[in-house]
Amino acid sequence: MVSLYGKTLSELKSIVDAEGLPSFTANQIADWMYHHHAESIDEMTNLSKKNREILAAKYIVGLTKPERVSESADGTKKYLFLVGSNRYIEAAYIPESDRATLCVSSQSGCKMGCLFCMTARQGFQGNLAAGEILNQLRSIPEFTRVTNIVYMGMGEPFDNLENVMKSLEILTSKWGMGWSARRITVSTIGLIPAIKQYIVQTSCHLAISLHTPFDEERRMLMPIQNVYPIADVIAELKKYRFSDHRRLSFEYIMFDGLNDTPRHVKELVRLLNGLTCRINLIRFHPIPNSPLHTSPDERIFQFRDLLTAKGIFTTIRASRGQDIQAACGLLSTKALQEKGRK
Amino acid sequence: MRTWNEISYEIQRVISNTPIAPGAYILKFKKNSTFIAGQALALGISEDIEPRYYSIASGENDDEISILYTEKPDGKFTRILSLLKPGDNLMVSKPFGKFTQLSPFPVFIAAGTGIAPFMSMLLSGKAKGAVVIHGASYPDYFYYSEILLNTLGENYIRCCSRCQPGSFYVGRVTDYIKQWSGLNINRPYYLCGSTEMVVETRDILISRGVPISSINSEIYF
Ligand SMILES: Cc1cc2nc3c(=O)[nH]c(=O)nc-3n(C[C@H](O)[C@H](O)[C@H](O)COP(=O)(O)OP(=O)(O)OC[C@H]3O[C@@H](n4cnc5c(N)ncnc54)[C@H](O)[C@@H]3O)c2cc1C
Ligand code: SF4
C-alpha cells in the first residue's frame, strides 16, 4: 500500500490520472488530508464510493502514531516514531507561553558525522519521505497547537532536499496546510548547492550550524568543513537579502574552552560583517563518552553580551527537556539498542 | 562553464573506465585544472541526476585525473557511470574541498574507496613518513596495494574483515585501531570513508588519548 500523505498536488494529480479518476479528485484528496485532516480514504465523502474503492485498493492515507513519548517536567515532549520496520526518528514538542515549536527530523540517522552529535553515531539509515516528515506534526496530540516548525531534529535536511522541499510545499501551499513561511525554519550545516536552491525556491527562514568561526576548529567538530568551508557558505549567503521576514540565524553550541573566548567573538563579528542575521547560543547537552563539555552559564552570558555589544543580535536558547534525554538522537539510539537486543 | 544543481561544470571525455575488482573501477579523464591532493570534484552524466562527489586519486603532477569508485547496487549514478566507455562525455566540476592540509608523519585510516585522497597525497610526494591503515572486506578491494606495499612496506597495514589469516590483519579497521600497539597520540590522524567508519574510528582514537585537534576526517556522504 502506498501512502497518500505527503504527496504534493502534482503527485496526487498523477495518481488520480493513472487510476482514471477525474483530475479535480486530486484537489479533493489534498483538501481532505491537509485541511480536514482525514485519516482514511473512507472519510473523503465527496469522492464517489466507487472512486474511494479504486483508491483504497492501492493507497492509504498512511499516518503513523508515535511509538513512545517522554514528557519533561518543563512540558517538553519527545516523540519517538517508527519508520519502516526498524528505523526510529524523534520529534520534540516545545511549548512556551506564546508559541509551541515542533522540531522535526528529516532523515533517520545522518551521514554528516558531527563530533558533538548523538545521531551521528547511528550512522545513516535512510531519508524520510515528505509524508514521514509531516507525519511528525500531524500525528502528535498537540498537532493543532503547534505554531512553529523547525527542521533541526535528526539528519541534515539539505541531504534530503527533494523530500524536505516537498514537505515545505505542502506546509505552505493554499491547497496544502496553508502555513506562513515565517513560521518555518530549516537548519543546515552548510551544503552550499542546496542552500542556493532553498533560498531561491522558498521563503522560509534559514539557520546555519556554525559552532566556530575558525577553519581548524570547525573541521574537528564538523567534517563538512572539509567539503564546504564556512567562509564559502557565508560568502554565498552574502549574495542574498535577509530580513525579519526571512530570517537568517546561526546556531552556535557553546563548548567549554573550545569556542567560547573573546577571540571567537572577534572572528565571528568579522565573518558575519554585512549580513543581517542573529546568533543563537546553545548549551551543549552531553552525550555519552564525549570529549566535549558545555561552557559555564557565566561564560555564555559574557559571550552573548560581547556579541550584542558588537551589534549582533544574540539570544541564548533555553535548555528544554534536560530530564528526557534532551540531546537529539539519544532516545532513538536507545530504541535501536533495545530492538537489537530483542 | 554551465551549471547543474548550482554547480559549474565542463564536459570532459572519458579516457578509460577500468574495472579493477568486482564492482570497483578507476575512471580517467584529462586534467584541465590544477588541484591540491585531497580535493574532490563533482561528476555527472546528465543534468537530471544530482552531481556526485569523488576524491581525486591521482597525483598533482599527473596529466590525467583518476577517480576510484565502486558501483552501488541500487546507486542512481554509479550504475550508469560504470557503463561509460572511452570517448563518452562526462560532466566535471572544478576541484574543491579542504581535506588538503597535511602535518608531518600522518596516519591515514581509510575504508574502501576512502583510500583515494591518501593515494593522491602519496603520489604527490606530500606524505613523507606516512602510515596507511586500509580496511576492506576482501583482498581484491585493497586498491593500489602494490604501490603501497612497495613504498610503505611495514607502514602499510591491511585490515580485511572477511579474509583468512595471512598477510592481513583479520578484522575491521576499528578492531585494529582498538588494539594497535603502535598508536602514537602525538601524530596527526586523517580518516576517510563511510560515516560509520569515520565516527567509530574517531571515537576509538579519542578514547585512546588522541586529541580531537589531531583528527581530521573526510566523510563520503
Ligand atoms: C567529498 C566526497 C568524496 C567522495 N569520494 C568518493 C570516491 O572517491 N569514491 C567513491 O566511490 N565514492 C565517493 N563518494 C561518494 C559518492 O559521492 C556517491 O555517494 C557514491 O558513489 C554513490 O552514488 P550513487 O549515485 O551510485 O548512489 P546513490 O543512488 O546516491 O545511493 C545508493 C544507495 O545508498 C544509500 N546511501 C547513499 N549514501 C549513503 C551513505 N553515506 N551511507 C549509507 N547509505 C547511503 C542511498 O540511500 C541509496 O539507497 C564521495 C562523497 C563525498 C561527499
Ligand atoms: S548535527 Fe545534524 S548534520 Fe551533524 S551529524 Fe547531527 S544530525 Fe547530522
Side-chain angles (χ1 to χ4, degrees), chain A residues 107 109-126 155-156 158-162 189 191-201 212 214-232 236 239 255 257-258 287-292 329, chain B residues 3-9 36 38-42 44 49-55 74 76 93 95-103 114 117 174 188-221:
Chain A
Q107 298 181 309
C110 185
K111 297 178 199 158
M112 301 299 153
C114 301
L115 179 66
F116 47 82
C117 177
M118 195 62 200
T119 305
R121 294 196 184 159
Q122 288 183 15
F124 176 68
Q125 291 135 55
E156 162 53 46
F158 287 171
D159 189 41
N160 183 18
L161 187 67
E162 194 182 326
I189 58 170
L191 308 188
I192 295 174
I195 289 179
K196 294 194 220 175
Q197 289 183 52
Y198 174 82
I199 292 177
V200 172
Q201 290 170 23
T212 172
F214 293 111
D215 189 61
E216 289 284 306
E217 281 173 10
R218 196 163 187 270
R219 182 175 301 137
M220 105 198 162
L221 292 172
M222 307 168 79
I224 195 68
Q225 178 71 7
N226 278 322
V227 182
Y228 296 121
I230 192 68
D232 294 358
E236 194 54 47
K239 295 179 189 162
F255 299 112
L258 198 147
I287 59 171
N289 306 319
S290 170
L292 304 164
Chain B
T3 59
W4 97 114
N5 278 54
E6 308 294 340
I7 291 180
S8 309
Y9 71 93
I36 310 171
Q39 284 193 307
L41 34 76
I49 301 182
E50 268 178 62
R52 299 291 195 274
Y53 298 167
Y54 294 91
S55 301
D74 53 350
K76 267 196 227 137
S93 78
F96 61 85
K98 282 197 149 189
F99 191 55
T100 50
Q101 288 155 13
L102 264 184
S103 299
T174 43
Y189 288 80
Y190 298 85
L191 321 181
C192 185
S194 69
T195 312
E196 288 77 2
M197 186 288 277
V198 167
V199 169
E200 210 182 323
T201 306
R202 187 176 63 193
D203 282 348
I204 296 167
L205 290 173
I206 293 168
S207 73
R208 294 203 59 188
V210 177
I212 53 174
S213 55
S214 301
I215 307 171
N216 191 357
S217 319
E218 178 93 311
I219 289 181
Y220 284 177
F221 59 81

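Sequence lines set the chain letters: A, B, ... in the order given, protein chains first and strands last, and positions in each chain run from 1.
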Can you tell which part of [X] gets under 4.5 Å to a heavy atom of chain B, answering side chain, backbone, both or neither?
X	value
A:E162	neither
A:L115	both
A:M222	neither
A:D159	side chain
A:D215	side chain

What part of [X] lies closer than 4.5 angstrom to a heavy atom of chain A: side chain, backbone, both or neither?
X	value
B:Q39	neither
B:F96	side chain
B:I212	both

Over all heavy atoms of both residues, which pair between [X] and [Y] is shortest? Give the atoms and the distance, please.
X	Y	result
B:Q101	A:R219	OE1-NH1, 2.8 Å
B:S213	A:M220	CA-SD, 3.4 Å
A:G113	B:V199	CA-CG2, 3.8 Å
A:C110	B:T195	O-CG2, 3.7 Å

For chain A, which residues from residues 214-221 of chain B have at least one heavy atom closer than 4.5 Å to it?
->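 B:I215, B:N216, B:S217, B:E218, B:I219, B:F221 fall under the 4.5 Å cut-off.
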Nearest 0.5 Å, what's the CZ-CD distance between A:R121 and B:E196?
->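 Taking CZ in A:R121 and CD in B:E196, the distance rounds to 14.0 Å.
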With sequence neighbours excluded, residues passing ring pair (Phe, Tyr, Trp, His ring centres under 6.0 Å) with A:F214 |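 So A:F214 forms a ring pair (Phe, Tyr, Trp, His ring centres under 6.0 Å) with A:H264.
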Using the test ring pair (Phe, Tyr, Trp, His ring centres under 6.0 Å), find all partners of B:Y189 that sit at least two apart in sequence or belong to another chain.
->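 With sequence neighbours excluded, B:Y189 shows a ring pair (Phe, Tyr, Trp, His ring centres under 6.0 Å) to no residue whatsoever.
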Set of side-chain contact (heavy atoms from CB on, under 4.5 Å) partners for A:A194, sequence neighbours left out =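 Per chain and number, A:A194 pairs via side-chain contact (heavy atoms from CB on, under 4.5 Å) with A:F158, A:L161, A:L191.
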